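Contents: one structure, followed by commentary.
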Amino acid sequence: MALAACTNPSASPSAVWNDEFDGPAGKSFDRAKWVADTGGQGFGNQERQFYTTRAENVALDGDGHLVITARAELPSSGYQCWYGGCRYTSTRLKTKGLFEQAYGRFEARIRIPRGQGIWPAFWMLGGDIDQIGWPKSGEIDIMENIGREPAIAHGTLHGPGYSGSEGIGSADTLSSGAYADDFHVFAVAWRPDEIRWFVDGRQYHRMTPADLPPGTKWVFDHPFFLLVNLAVGGAWPGDPDASTVFPQQLVVDYVRVYRNP
């Protein structure tokens, strides 16, 4: 199988870019590999969190993991969001300006958080987004989960004429348990005119230009950069409610990119 390496967390000899998140507990993310988005402007989705780079929201755990922590905050915390005083903080990292690639295999081993209104994601955006804007630049969602669907991971494409709620994708549903119960490897294998989605080395979705709505354009033929984030609230997952427990953590064991899909 082309993605056999996905099932072996120690295998990365041919990765052209990777972060294994090795380092002492409390150390921040590697700024030679990642940059952070900050602020509480909603990020186009009416999200409720303020993204920070403080250690309370993002740090290594000393056991080879990056931990992004979503925390509840008092409205008097001083963080300002689009709706007023921010009720939550979290972190969003990206490789924009540092690494991007067209085609190959992009994978991460992740244990997601849980709870209503919790929205973890591992995804990619077109490197030309600042020049031509979204969604013309394209978006490849490798993994998204919303808390009210604990056993479902979504893989989606967004482009001109098929973006936002009209994005085209599929979902993988566990036969038992929740994705938050354990680590899973989420990946895409990307070739010209084809993208395939995998969970733990098992393909669950494939898309080609023929799958797009009539008259729309396949915009997945140029370099993309990576993102990993933990959002709170928003138009899709809805807001946290009384059942949501904070803090919640997105734990990333590794992120790896291979030249060949």
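The structure presented is a predicted model; accordingly, all values stated were derived computationally and were not measured.
Ion pairing between a basic and an acidic side chain is recognised when a charged N comes within 4.0 Å of a carboxylate O; Asp211 and Arg206 show no such pairing. A salt bridge is absent between Arg87 and Asp239; no separation between the charged side-chain nitrogens and carboxylate oxygens falls under 4.0 Å. In this structure, Lys96 does not pair ionically with Asp37, as no charged nitrogen and carboxylate oxygen lie closer than 4.0 Å.
Looking at Pro120 and Ile110, their side chains never come closer than 4.5 Å, going by heavy atoms from C-beta outward. You'll find the side chain of Phe106 reaches within 4.5 Å of the side chain of Met124, heavy atoms only. At a threshold of 4.5 Å between non-hydrogen side-chain atoms, the residues Pro160 and Thr216 do not count as touching. Counting heavy atoms from C-beta on, the side chains of His154 and Asn145 never come closer than 4.5 Å. Counting only heavy atoms from C-beta outward, the side chains of Asn18 and Val257 never approach each other to under 4.5 Å. Ser243 is listed as a side-chain neighbour of Gln116, based on a closest heavy-atom distance under 4.5 Å. Looking only at side-chain heavy atoms (C-beta outward), Thr173 and Tyr204 stay at 4.5 Å or farther from each other. A 4.5 Å side-chain heavy-atom check between Leu230 and Ile118 finds at least one atom pair inside the cut-off.
When the side chains of ILVMFWY residues are joined at heavy-atom separations under 4.5 Å, either directly or via intervening members, Met143 and Leu174 end up in a single hydrophobic cluster. Hydrophobic clustering (side-chain heavy atoms under 4.5 Å, transitive across Ile, Leu, Val, Met, Phe, Trp, Tyr) groups Leu227 together with Trp134. With hydrophobic clusters built from ILVMFWY side chains whose heavy atoms lie under 4.5 angstrom apart, Val232 does not share a cluster with Val245. Clustering ILVMFWY residues whenever any of their side-chain heavy atoms sit less than 4.5 angstrom apart, transitively, puts Val199 in the very cluster that holds Leu250. Residues Trp190 and Ile142 are members of one and the same hydrophobic cluster, defined by side-chain heavy-atom contacts under 4.5 angstrom among Ile, Leu, Val, Met, Phe, Trp and Tyr.
The closest donor-acceptor contact from the side chain of Gln49 to the backbone of Gly42 lies at 3.5 Å or more, if one exists at all. Although no hydrogens or angles enter the test, the distance criterion places no donor-acceptor pair under 3.5 Å between the side chain of Ser163 and the main chain of Gly167. With hydrogens and angles disregarded, a donor-acceptor distance shorter than 3.5 Å links the side chain of Arg148 to the backbone of Pro237. In this structure, the side chain of His65 does not engage the main chain of Gly62 through any donor-acceptor pair within 3.5 Å. Under the 3.5 Å distance criterion, the side-chain polar atoms of Trp218 are left unmatched by any main-chain donor or acceptor of Glu194. The backbone N or O of Ala32 lies less than 3.5 Å from a partner atom in the side chain of Asp30, making a donor-acceptor pair.
Geometrically, Arg31 engages Phe29 in a cation-pi contact defined by less than 6.0 Å to the ring centre and at most 45° from the axis.
Put simply, CG on Leu226 and CZ on Arg256 are 14.0 Å apart, with the number rounded to the nearest 0.5 Å. Taking OG1 from Thr208 and CZ from Arg196, the interatomic distance works out to 12.5 Å, rounded to the nearest 0.5 Å. Atom-to-atom distance recorded for Ile140:CD1 and Leu125:CG is 9.5 Å, nearest 0.5 angstrom. The distance from the CH2 atom of Trp197 to the CG atom of Asp172 is 13.0 Å, given to the nearest 0.5 Å. If you take SG on Cys86 and OH on Tyr79, they are separated by 9.0 Å, rounding to the nearest 0.5 Å. Rounded to the nearest 0.5 angstrom, Glu144 CD and Ile152 CD1 are separated by 13.0 Å.
Closest approach of Ala36 and Leu93 over heavy atoms only: CB-CD2, 3.9 Å. When all heavy atoms of Ile168 and Pro213 are compared, the closest pair comes out as CD1-CD, 3.3 Å. Among all heavy-atom pairs drawn from His205 and Gly155, the shortest one is CD2-O, 4.1 Å. Closest of all the heavy-atom pairs between His184 and Tyr179 is CD2-CD2, 3.4 Å. Nearest heavy-atom pair, Pro24 versus Leu60, reported as atom, atom and distance to 0.1 Å: O-CB, 3.7 Å. Here the shortest heavy-atom pairing between Gly64 and Asp22 reads CA-OD1, 3.9 Å.
A side chain to side chain donor-acceptor pair (under 3.5 Å) with Thr69 holds for exactly one of Gln249, Arg54, Glu56; it is Gln249.
Ring-plane geometry between Trp119 and Trp236 is classed as perpendicular, the angle between the planes exceeding 60 degrees on a 0 to 90 degree scale with a lower cut at 30. Ring pair Trp34/Phe21 is parallel by interplanar angle, where below 30° counts as parallel and above 60° as perpendicular.
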Any chance you could lay out the side chain to side chain contact (heavy atoms under 4.5 Å, CB included) test for Leu66 and Tyr254, step after step, and finish with the verdict?
CA-CA 8 Å; Leu66 177 78; Tyr254 63 76; over 6 Å; no
For a side chain to side chain contact (heavy atoms under 4.5 Å, CB included) check, start with the C-alpha distance between Ile129 and Phe225, then their side-chain angles and the critical distance, and finish with the verdict.
CA-CA 10 Å; Ile129 188 170; Phe225 59 88; 4.2 Å; yes
Yes or no on side chain to side chain contact (heavy atoms under 4.5 Å, CB included) for Phe198 and Glu107, after CA distance, side-chain angles and deciding distance?
CA-CA 9 Å; Phe198 295 78; Glu107 68 179 37; over 6 Å; no
Any chance you could lay out the side chain to side chain contact (heavy atoms under 4.5 Å, CB included) test for Asn229 and Ser90, step after step, and finish with the verdict?
CA-CA 8 Å; Asn229 69 284; Ser90 188; over 6 Å; no
One pair to check against salt bridge (Lys or Arg N to Asp or Glu O under 4.0 Å): Arg114 and Asp181. What are the steps and the verdict?
CA-CA 9 Å; Arg114 67 180 78 225; Asp181 293 339; 2.9 Å; yes
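For the residue pair Asn57 and Thr52, a side-chain donor N or O sits within less than 3.5 Å of a side-chain acceptor on the partner. Side-chain contact of Glu139 with Trp123: a donor-acceptor pair under 3.5 Å is absent, judged by distance alone. Side-chain contact, Thr89 with Glu73: a donor N or O sits under 3.5 Å from an acceptor N or O.
Aromatic pair His158/Phe220: ring centres not closer than 6.0 Å. Aromatic rings of Phe224 and Tyr103 (six-membered ring for Trp) have centroids beyond the 6.0 Å cut-off, not under it. Aromatic ring centroids of Phe246 and Tyr88 lie under 6.0 Å apart. In this structure, the ring of Tyr51 has its center less than 6.0 angstrom from the ring center of Phe43.
Around the CZ atom of Arg48, the shell of radius 6.0 Å holds more than 12 heavy atoms that belong to other residues, nucleotides or ligands. Counted within 6.0 Å of CZ on Arg259, heavy atoms from surrounding residues, nucleotides or ligands total 12 or fewer; the atom is thus considered open. Environment of CD in Gln41: crowded, with over 12 heavy atoms of neighbouring residues, nucleotides or ligands closer than 6.0 Å. Within a 6.0 Å radius of NZ in Lys136, other residues, nucleotides and ligands contribute 12 heavy atoms or fewer.
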